[in-house]
Protein chains: 2
Amino acid sequence: MLNSYSSADKVLLAVDCIIFGFDHQGLKILLIKRDFEPERGKWSLIGGFLKRDEILDNAAIRILNTYTGLHDIYMEQLHAYSEIDRDPVDRTISVSYYALINIENHNEELIKNYHAEWFSIADAPNLIFDHNEMVQHAIRRLRYRTSIKPIGFELLPEKFTMRQLLELYEAILSKELDKRNFISKINSLEILNKLDEKDMQSSRKGSYLYTFNKEKYEEKLLNDFVLNL
Amino acid sequence: MLNSYSSADKVLLAVDCIIFGFDHQGLKILLIKRDFEPERGKWSLIGGFLKRDEILDNAAIRILNTYTGLHDIYMEQLHAYSEIDRDPVDRTISVSYYALINIENHNEELIKNYHAEWFSIADAPNLIFDHNEMVQHAIRRLRYRTSIKPIGFELLPEKFTMRQLLELYEAILSKELDKRNFISKINSLEILNKLDEKDMQSSRKGSYLYTFNKEKYEEKLLNDFVLNL
DNA sequence: ACAAAAGTGTTGATTCTACACCCATGG
DNA sequence: CCATGGGTGTAGAATCAACACTTTTGT
């Protein structure tokens with residue numbers, strides 16, 4: 001019968017988080033070395049189980065917070081993975097979420113406690129279960145999203161230079177972008193505030209800092225504008 | 001503890017299908033009048049429970065097949081819904097799938113057996129649980145996908161006219177499209193075969209029939225082309 | 001002959017892409 | 001004074017959007 005609420009078919013629901021970060025070396029993901037069975041000692045995504053009295057979005061937030069101390073993070077549900085033996089211990093369906101955070105903001109302390117580490121997406125280790133697939137999937141989604149709407153500001157510090165933004169997009173899309181065309185396209189969107197302040201780290205001349213103007217961005221979103229890099 | 005496999009937290013997993021169809025009246029969804037509790041007699045999406053030894057994709061295929069007799073249908077996983085009380089009987093997380101089918105092909109017989117009916121998306125009845133939200137979400141996704149890649153041929157009969165294709169896109173995007181611009185854009189994609197055959201139903205002059213060229217389409221997909229209507 | 005839908009091109013506006021030089025500053 | 005990255009504009013190509021008339025044929 002299709003419609004019986006049979007407890008024989010109950011399953012565990014896990015949440016796994018693909019946490020993207022960005023620094024001068026490029027796009028990275030946060031992984032932990034498991035300190036519990038199964039697969040103890042192997043690398044995996046940050047994850048946990050959905051509690052009975054909790055919705056998925058909150059489970060993702062809770063899990064992220066537990067491992068990083070972060071809150072108010074951009075997260076988006078990605079996909080449910082349900083291969084029968086994806087988890088050898090018990091039938092477990094996992095719903096993946098991806099998060100964008102800026103590496104500087106994360107809480108070093110908590111990350112150390114949980115044996116978490118940032119890896120460049122190019123040279124991340126092999127992961128347990130179907131986590132490799134989840135990461136690939138998340139990267140595709142991030143690229144896709146980025147090529148349509150300018151998300152990704154979450155990956156940068158609050159104040160950032162045009163160069164940082166350019167490099168972020170190059171890292172996400174893994175292709176080179178023309179500096180002048182990029183800047184004029186971003187400017188034409190009118191979603192950045194140019195500050196009077198300059199970042200003097202990167203060069204002798206110094207480069208202007210910008211902040212992301214969330215209000216203008218939301219306003220533009222209504223006319224679902226497109227970013228074509 | 002984050003990582004205990006506690007059977008106390010096991011939940012039921014449902015699959016709900018948003019089944020889109022298209023005919024001369026526009027874009028439609030397939031709904032059933034529930035003949036079981038809870039909410040007997042109300043309209044709902046076609047759905048069922050995941051079995052313990054089944055993956056989600058197969059559950060969606062099985063459920064669709066049970067209610068319509070259809071197989072080999074384009075389906076795509078959409079989203080997992082997890083509000084605590086979304087199903088009043090038991091804690092149930094539902095994963096939605098959407099399917100695109102052409103109405104002519106469906107098995108009238110089975111649809112009648114299950115009290116299923118096609119509704120124009122504009123005047124569909126109120127649905128149980130969070131199914132309204134699922135439908136809205138699916139429409140958004142369909143629009144989004146359609147505006148990027150030409151999916152949607154699944155909604156048409158094998159042979160179709162340019163007018164049908166145009167009207168399909170107008171229905172999905174719910175905006176008018178310029179006939180000439182549309183046709184030349186579609187032609188420039190080179191993913192249709194123009195047949196020698198004409199459809200004489202629609203006019204005295206008759207209009208050429210086309211089929212979708214899946215091989216060319218797949219080939220183009222590799223260069224991730226964009227359709228901008 | 002006429003009604004009804006099919007089919008077909010052009011033009012101006014916009015957007016995209018490719019490309020190179022001067023500027024400001026700290027050392 | 002010079003090395004380093006920052007900042008800026010243009011022209012030709014491509015694409016987009018708006019637009020109207022002729023063709024066919026069944027009645």
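Only heavy atoms go into these numbers, but all of them, side chains included; no hydrogens, no water, no symmetry mates.
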Only pairs under 3.5 Å count here: list side-chain donor-acceptor contacts from residues 24-32 of chain B, not counting sequence neighbours, and write none if there are none.
unit_1 : atom_1 : unit_2 : atom_2 : d
B:K28  : NZ     : B:D23  : OD2    : 3.0

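- Although no hydrogens or angles enter the test, the distance criterion places no donor-acceptor pair under 3.5 Å between the side chain of A:N213 and the main chain of A:I191.
- Between B:L192 atom CG and C:dG7 atom P the separation is 13 Å, expressed in whole Å.
- The ring-ring contact (aromatic ring centres under 6.0 Å, His included) search around A:Y208 returns none, not counting sequence neighbours.
- The salt bridge (charged side-chain N to carboxylate O under 4.0 Å, His left out) contacts involving residues 129-139 of chain B comprise B:R86-B:D130, where partners must be two or more places apart or lie in separate chains.
- One side chain, B:Y97 or B:D57, offers a donor N or O that lies under 3.5 Å from an acceptor on the other.
- For the segment residues 156-167 of chain A, the set of residues with a heavy atom within less than 4.0 Å of an atom of DNA chain C is empty.
- In this view, A:K159 and A:E197 satisfy the salt bridge (charged side-chain N to carboxylate O under 4.0 Å, His left out) rule, not counting sequence neighbours.
- Take A:S184 and apply the side chain to side chain contact (heavy atoms under 4.5 Å, CB included) test, not counting sequence neighbours, and it matches no residue.
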I'd like a table of donor-acceptor pairs (distance under 3.5 Å, sequence neighbours excluded) in which one partner is a side-chain atom from residues 116-124 of chain B, with atom names and distances.
unit_1 : atom_1 : unit_2 : atom_2 : d
B:W118 : NE1    : B:H106 : ND1    : 3.0

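- Rounding to whole angstrom units, NZ of residue B:K194 and C1' of C:dT8 are separated by 10 Å.
- Summarising the geometry, the separation between CG on B:L177 and C1' on D:dC16 is reported as 13 Å, rounded to the nearest angstrom.
- Taking atom CG of A:D199 as the reference point, atom C1' of D:dG5 lies 11 Å away to the nearest angstrom.
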Please tabulate, one pair per line, each protein N/O and nucleotide N/O from nucleotides 22-27 of chain D that are separated by under 3.5 Å, including the distance.
unit_1 : atom_1 : unit_2 : atom_2 : d
D:dT23 : O2     : B:K205 : NZ     : 3.0

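- In this structure, A:K42 contributes its side chain and A:K33 its backbone to no donor-acceptor pair below 3.5 Å.
- If A:I183 and B:K179 are placed on DNA chain D by their nearest nucleotide, the residue sitting closer to the 5' end is A:I183.
- By the salt bridge (charged side-chain N to carboxylate O under 4.0 Å, His left out) test, B:R141 pairs with B:E76, sequence neighbours left out.
- Between A:R143 and A:S174, the shortest heavy-atom distance links the atoms NH2-OG, 3.3 Å.
- For B:I186 and D:dC16, the CD1 to C1' distance is 15 Å, given to the nearest whole Å.
- For the salt bridge (charged side-chain N to carboxylate O under 4.0 Å, His left out) test, no residue two or more places apart in sequence or in another chain qualifies with A:E154.
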Subject >> Per-nucleotide protein contact string for nucleotides 9-15 of chain D, where B marks a base within reach and S marks sugar-phosphate only (heavy atoms under 4.0 Å, - for neither) >> reply: B------

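- Note: A:I101 CD1 to A:L70 CG = 4.5 Å, rounded to the nearest 0.5 Å.
- From one end of the helix from C:dA1-D:dT27 to C:dG27-D:dC1 to the other, with five pairs defining each end axis, the axis direction shifts by 10° (rounded to 10°).
- Nucleotide C:dT15 holds its P atom 15 Å from the CG atom of A:N187, rounded to whole Å.
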